[in-house]
Amino acid sequence: QVQLVESGGGLVQAGGSLRLSCAASGRTFSNYAWAWFRQAPGKEREFVAGINWSGDTTDYVDSVKGRCTISRDKAKNTAYLQMNSLKPEDTAVYYCAAAFIGGIEVVHTWYDYWGQGTQVTVSS
């Protein structure tokens, strides 16, 4: 059974940092692109960051550029999202996702595997 399990969410004050992790099991994702999406109450799921299968290309939504870094560890079958200088508008449930694609797609329908989500709450 393939599973993606996120961890690292929580409550943090504005300006703080969190590091999200997404551990995969059940298959190897070394040839998959990874991405992080988020969804706030009443809003659509939004692409936050992505990394291609080889790890040499990344992409970010404009609102997190310079504050977030996506990375992957193929040996651990795990992806990460380092988030710094967090803002209240970053509050959302964060999901990791994986897709068997060559590049990075920002539309969530491209992604085949999803985690259950982890809550990130940033207080002002």
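No donor-acceptor pair under 3.5 Å is formed between the side chain of Tyr95 and the backbone N or O of Arg45. Between the side chain of Glu6 and the backbone N or O of Gly117 there is at least one donor-acceptor pair closer than 3.5 Å. Looking only at distances, no side-chain donor or acceptor of Asp59 sits under 3.5 Å from a matching main-chain atom of Ile104. Under a 3.5 Å cut-off, the side chain of Arg72 and the backbone N or O of Trp53 do form a donor-acceptor pair.
Taking all atoms of both residues into account, the shortest heavy-atom contact from Ala14 to Pro88 is CB-CD, 4.2 Å. Nearest heavy atoms, Arg38 versus Ala92: CB-CB, 3.8 Å.
Other residues, nucleotides and ligands place more than 12 heavy atoms under 6.0 Å from the CH2 atom of Trp114.
Using the six-membered ring where Trp is involved, Tyr32 and Tyr113 have ring planes that are tilted, between 30° and 60° apart.
Two residues are said to be in side-chain contact when any heavy atoms from C-beta on lie closer than 4.5 Å; Leu18 and Val122 fail this criterion. Two residues are said to be in side-chain contact when any heavy atoms from C-beta on lie closer than 4.5 Å; Tyr60 and Phe47 fail this criterion.
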Passes side-chain contact (heavy atoms from CB on, under 4.5 Å), Ile101 versus Asn52? Steps please.
CA-CA 8 Å; Ile101 54 177; Asn52 72 336; over 6 Å; no

Given side-chain contact (heavy atoms from CB on, under 4.5 Å), test Ile51 with Thr57 step by step and report yes or no.
CA-CA 6 Å; Ile51 187 167; Thr57 302; over 6 Å; no

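Partner of Arg67 under the side-chain contact (heavy atoms from CB on, under 4.5 Å) criterion, chosen from Gln82, Lys87, Met83: Lys87.
No side-chain donor from either of Thr78 and Asp73 sits under 3.5 Å from a side-chain acceptor of the other.
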